[in-house]
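To keep things clear, I will list the structure first and then write my remarks on it.
Side chains included, hydrogens not; waters and symmetry mates left out as well; all remaining heavy atoms used.
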Amino acid sequence: MFDRAVRSGQRQQRQQRRLRPGPRPGGVAARLLVLPLLAGLVLLLGTPATAAQAAPGCSGRPAKTVAFATGELRVYKSRTHACAVAVAKAPGKKRAMSVTLQPRGGRVVKDSGSFTTMAGPVTVNALNRCVRATGAVAGKSASTGWILC
């Protein structure tokens, strides 16, 4: 009988500790340990990717990348769409850039102008269609030919 009363009292104390607001025992020490670990993780992993390294503005998986002297043309494919961007190899000063994307049997979609990092994204419907992409940065260009057929 006494044993049940002790267990019941212990159970009530555990429930009260769970419901009690405020820091748990050892919580401050755990927080002090987590902060330096997070800071070290940030230093280890580095800063987030720049726009030239990431897949800027296009969703889907990378389908083709064509490098040329002043940059690269990146084409991405989702289930229903294709997307393309032209990315400068050395971003910084403004220069002429363009990117075009054309589905077979469709109209060309183009983005051109003076940009610092990239031209695009341009997107077309490409469900069961081949597409052709062209990219240019500072007078140098590359093309994919018909892909994703």
Exercise. Does the side chain of P121 come within less than 4.5 Å of V85's, by heavy atoms?
Worked result: yes
Exercise. If you measure from CG on L148 to CZ on R129, what distance do you get to the nearest 0.5 Å?
Worked result: 13.0 Å
Can you list, pair by pair, the side-chain donor-acceptor contacts under 3.5 Å of residues 135-145, counting residues two or more places apart and other chains?
unit_1, atom_1, unit_2, atom_2, d
S143, OG, A133, O, 3.3
T144, OG1, A133, N, 3.0
T144, OG1, A133, O, 3.4

Review item, side-chain donor-acceptor pairs of residues 103-112, under 3.5 Å, at least two apart:
unit_1, atom_1, unit_2, atom_2, d
D111, OD2, G120, N, 2.7

For this session: Quick one: closest heavy-atom pair of K77 and R79, and the distance?
Result: NZ-O, 3.5 Å
Seminar exercise, completed: side-chain hydrogen bond (donor to acceptor under 3.5 Å, both in side chains) filter on R132, not counting sequence neighbours, yields Q102
Problem set entry | Pairs meeting criterion side chain to side chain donor-acceptor pair (under 3.5 Å) with involvement of residues 57-70, two or more places apart | none
Problem set entry | Contact summary for A82 and V131, nearest pair of heavy atoms | CB-CG1, 4.0 Å
Exercise. What about M97 and V122, same hydrophobic cluster or not, with Ile/Leu/Val/Met/Phe/Trp/Tyr joined at side-chain heavy-atom distances under 4.5 Å?
Worked result: yes
Exercise. Between atom CZ of R95 and atom CZ of F115, what is the distance when rounded to the nearest 0.5 Å?
Worked result: 12.5 Å
For this session: Please name the pair of heavy atoms, one in Y76 and one in G60, separated by the smallest distance, quoted to 0.1 Å.
Result: CD2-O, 4.2 Å
Exercise. Which pairs count as disulfide bond (SG atoms under 2.5 Å apart) when at least one residue sits in residues 93-149, sequence neighbours excluded?
Worked result: C130-C149
